[in-house]
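The structure under discussion appears below in the form of structure tokens.
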Protein chains: 2
Amino acid sequence: MPRHPTMKDVAHEARVSLKTVSRHVNGETNIDPILADRISAAIVKLGYRRNLSAASIRPGRTSKTIGLVISDLANPYYSTLARAIESVADAAGYLVTIASSEEEGLRHDRLVDRLMEQRVDGLIVVPPRNAARDWSDVAAPIPPLVFLDRPVPYAEADAVLADNAAGAREATLALASVGSRRIAFVGDSLDIYTMRERHAGYAAALAEAGIGVDDSLTITTARTREQAEREVGAVLRDDSADAVFAANNRSTIGALLAFQTAGRRLPLVGFDDFETSLLGNPPVSVVSQDIELMGRTAADIVLGRLNGDTSAFAVRMLPTQLILRGSEKPEPEEAEERLSRGPSRQ
Amino acid sequence: MPRHPTMKDVAHEARVSLKTVSRHVNGETNIDPILADRISAAIVKLGYRRNLSAASIRPGRTSKTIGLVISDLANPYYSTLARAIESVADAAGYLVTIASSEEEGLRHDRLVDRLMEQRVDGLIVVPPRNAARDWSDVAAPIPPLVFLDRPVPYAEADAVLADNAAGAREATLALASVGSRRIAFVGDSLDIYTMRERHAGYAAALAEAGIGVDDSLTITTARTREQAEREVGAVLRDDSADAVFAANNRSTIGALLAFQTAGRRLPLVGFDDFETSLLGNPPVSVVSQDIELMGRTAADIVLGRLNGDTSAFAVRMLPTQLILRGSEKPEPEEAEERLSRGPSRQ
DNA sequence: TTGTACGCGTTATCAT
DNA sequence: ATGATAACGCGTACAA
């Protein structure tokens with residue numbers, strides 16, 4: 001593998017000075033067409049490519065790169081966010097370096113440090129659940145920083161979040177409005193910010209509907225799809241609830257699996273839409289976040305800061321959307337149901 | 001925002017020379033503990049962070065970054081690939097810069113150029129459907145290069161692919177072995193490499209099973225989930241097929257939607273597993289690719305090359321796995337079916 | 001319009 | 001063990 005040709009090589013080949021090549025490469029116009037042609041020819045002949053790493057160390061120049069630290073790129077929620085960010089960044093001429101923290105504070109901090117050492121121009125970050133270092137302990141200068149999807153652990157930054165509490169409230173009200181009274185909350189630990197928010201919205205809706213919160217209906221052990229399935233299976237056996245608010249994707253799918261196994265279902269609304277929500281029978285009602293908008297907003301904020309926006313730091317709370325597809329309603333009576341259904345389906 | 005402190009600043013603050021700071025930062029041991037302490041203190045006091053961009057311009061030094069160009073990061077298939085690559089890369093101390101080509105040749109080429117200008121150490125690339133530039137026209141030096149998921153457009157590189165033809169053959173044989181004779185192929189255009197491969201496997205299986213290929217059963221207009229749904233709906237109305245091989249994810253889901261609408265289903269096997277394949281009734285049989293293994297393999301190859309592996313370029317064809325969950329079988333008779341089913345489910 | 005000379009932050013050589 | 005000095009590839013005063 002040959003060495004990378006440099007500007008000096010090009011200059012030599014084209015019998016011009018370094019500076020003239022630099023001008024040519026940077027698209028300046030005041031340059032003799034004769035020389036320009038010679039330079040172009042030399043560039044093609046040698047296969048010259050700019051070294052942006054080298055260029056970026058000059059004062060005032062940057063890497064035109066944005067760093068993104070999320071929990072897990074394999075999670076569709078985060079890959080959708082990443083895609084939206086990448087899309088906005090690319091349109092502005094920026095690359096995106098993406099890293100997964102796996103919710104581990106130390107790993108997160110290591111990745112942030114690495115990205116700063118790489119001199120990214122901006123940083124978009126999903127704070128890990130188990131935060132390690134405090135952001136106020138990070139030495140200046142910190143590049144424009146946006147927190148995503150989680151509460152803001154640091155004042156000198158912007159943030160973009162979904163209104164989890166409002167979404168959960170709407171979902172729970174929808175279940176209550178068609179007659180459910182013992183609505184179970186099925187989700188992950190309330191140590192997780194989004195879960196706390198969603199549970200708060202759930203509780204608020206119950207209060208509004210004149211239903212007391214029954215703690216035995218709050219299930220926070222659904223870390224995986226399988227656990228959710230077991231928990232909802234137990235609910236069905238005990239007949240302890242008459243509806244389910246599934247506070248995340250895994251809980252929704254676990255609930256559906258439990259319904260399938262039991263041969264009967266409860267009214268259900270889930271948090272976060274999923275690819276096959278239309279395939280349920282009935283189709284599954286969900287609280288949907290505009291994930292792409294969240295990503296685009298975060299990227300826009302960073303790019304705005306890079307373009308000199310010095311307005312006060314702010315938290316953008318984005319609304320969610322309740323999509324009712326039918327699963328929020330109670331199961332029809334047996335006889336009636338048989339009629340309304342085809343002889344079989346997937 | 002203050003300026004980044006440099007090694008020179010640290011050296012000055014610690015009253016040492018530049019080189020000693022460099023040694024300290026790079027973890028060399030031959031250094032007076034007294035001075036080391038002074039340097040550490042200065043680093044903390046000034047908030048010094050090394051500038052890897054600057055370091056990487058030295059000959060023999062690299063950016064410790066890998067470039068990845070895929071079709072679309074929002075597609076779970078590619079985000080799973082990206083995650084696996086990132087995971088391997090991170091363990092080896094590499095960052096990954098990810099970009100989406102959107103299957104556009106020009107965009108793809110632009111991103112590849114940008115990554116090379118950024119001096120990534122290695123490149124993993126999904127060649128776009130509409131290739132623009134030929135790789136042989138790209139000037140040397142090209143960093144270690146691995147093609148992913150598509151046929152190899154260039155000899156000086158490694159490649160990692162799934163055995164699409166074998167997977168499709170297995171799927172089709174599974175349908176034939178339970179009695180289907182008019183098996184429809186539902187997928188996207190055969191201009192797409194994976195579709196061609198999967199159709200070839202489908203045709204091979206039919207030949208093996210002693211069934212002729214009926215061209216009217218090959219549907220290649222299912223670009224979206226909705227189109228697939230319409231096409232399969234038509235098949236159901238016409239009764240033109242007695243089974244469906246869905247050659248990609250969207251086709252599988254479209255078929256399931258059509259089954260749901262029609263109130264009856266055909267034996268079905270889909271290509272690529274999906275999150276809720278267990279939620280079907282019966283659960284959906286699929287050909288599954290080991291996407292993570294593909295990503296890890298690609299990353300391992302690049303890292304191997306970076307560590308001096310000079311063995312001949314090779315194409316790794318990874319096997320697929322047929323997962324039979326029940327949907328490959330014909331629908332039971334009406335009476336029988338009613339018994340085998342609970343009164344209702346999602 | 002073109003070129004000279006220097007600096008960016010880092011690492012490497014080599015002498016001390 | 002430590003430091004002066006020269007690169008690395010590129011951009012920019014400033015002079016010509």
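Lettering follows sequence order; numbering is per chain, from 1.
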Looking at D/dG9, I'd like to know if its phosphate oxygens (OP1 or OP2) sit under 4.0 Å from a side-chain N or O belonging to B/R119.
no
With a 6.0 Å cut-off (strictly less than), is the heavy-atom count around CD of A/E292, excluding the residue itself, greater than 12?
no
Atom NE2 of B/H24 to atom C1' of C/dT11: distance rounded to whole Å?
16 Å
Can you give the dot-bracket line for DNA chain D, using ( ) for pairs inside the strand, [ ] for pairs that cross earlier ones, | for pairs with another strand and . for unpaired bases, where Watson-Crick and G-U count if both distances are under 3.5 Å?
||||||||||||||.|
Quick check for you: among C/dG9, D/dG9, D/dT2, whose closest atom lies nearest to any side-chain atom of B/N51?
C/dG9
Map B/R58 and B/T20 onto DNA chain D by nearest heavy atom, then report which one ends up closer to the 5' terminus.
B/T20
Just to confirm, is there a sub-4.0 Å distance from OP1 or OP2 of C/dT2 to any side-chain nitrogen or oxygen of A/N30?
no
First encountered from the 5' end of DNA chain D, between A/A54 and A/P59:
A/A54
Quick check: does any side chain N or O of A/R129 sit under 3.5 Å from a backbone N or O of A/I192, one acting as donor and the other as acceptor?
no
CZ-OH distance between A/F313 and A/Y154, expressed to the nearest 0.5 angstrom
7.5 Å
Interatomic distance where CZ belongs to B/R23 and P belongs to C/dT10 [whole Å]:
16 Å
Atom pair distance, as rounded to whole Å: NE2 in A/H12 and C1' in D/dC10
19 Å
Across the strands shown, which category fits B/L18 at heavy-atom distances under 4.0 angstrom: base, sugar-phosphate, nothing?
base
Choosing from D/dG11, C/dT1, C/dT11, which nucleotide comes nearest the side chain of A/R61?
D/dG11
What closest approach, in Å, do A/L148 and A/M294 show between heavy atoms, and which atom pair accounts for it?
CD1-O, 4.1 Å
For B/I31, report the nucleic acid contact type (base, sugar-phosphate, nothing); a contact means any heavy atom under 4.0 Å.
sugar-phosphate
Within a 6.0 Å radius of atom NE2 on B/H4, are there more than 12 heavy atoms belonging to other residues, nucleotides or ligands?
yes
For the student: nearest non-hydrogen atoms of B/A140 and A/R49, plus distance:
C-NH2, 4.1 Å
Of the listed C/dC8, D/dC10, C/dT10, the closest approach to the A/I57 side chain comes from C/dC8
Test side-chain contact (heavy atoms from CB on, under 4.5 Å) on A/L68 and A/T97; report intermediate values, then the result.
CA-CA 6 Å; A/L68 172 62; A/T97 300; over 6 Å; no
What are the two closest non-hydrogen atoms of B/S53 and A/Q118, and how far apart are they?
OG-O, 3.9 Å
Rounded distance (Å) that lies between atom P of C/dT11 and atom NZ of B/K8
15 Å
To the nearest angstrom, how far is A/L35 atom CG from C/dG3 atom P?
7 Å
Mind checking if B/R50 touches a base, just sugar-phosphate, or nothing, with heavy atoms under 4.0 Å?
sugar-phosphate
Measure CG/B/D9 against C1'/C/dC8 and give the value in whole Å, please.
13 Å
Roughly how many Å apart are D/dT12 and D/dA16, using the C1' atom of each and rounding to a whole number?
16 Å
As a test of reading the structure: which of C/dT10, C/dC8, C/dT13 is closest to the side chain of B/K19, going by heavy atoms?
C/dT13
Remember a base hit wins even if backbone is also touched, and classify B/V16 as base, sugar-phosphate or nothing at under 4.0 Å, heavy atoms.
sugar-phosphate
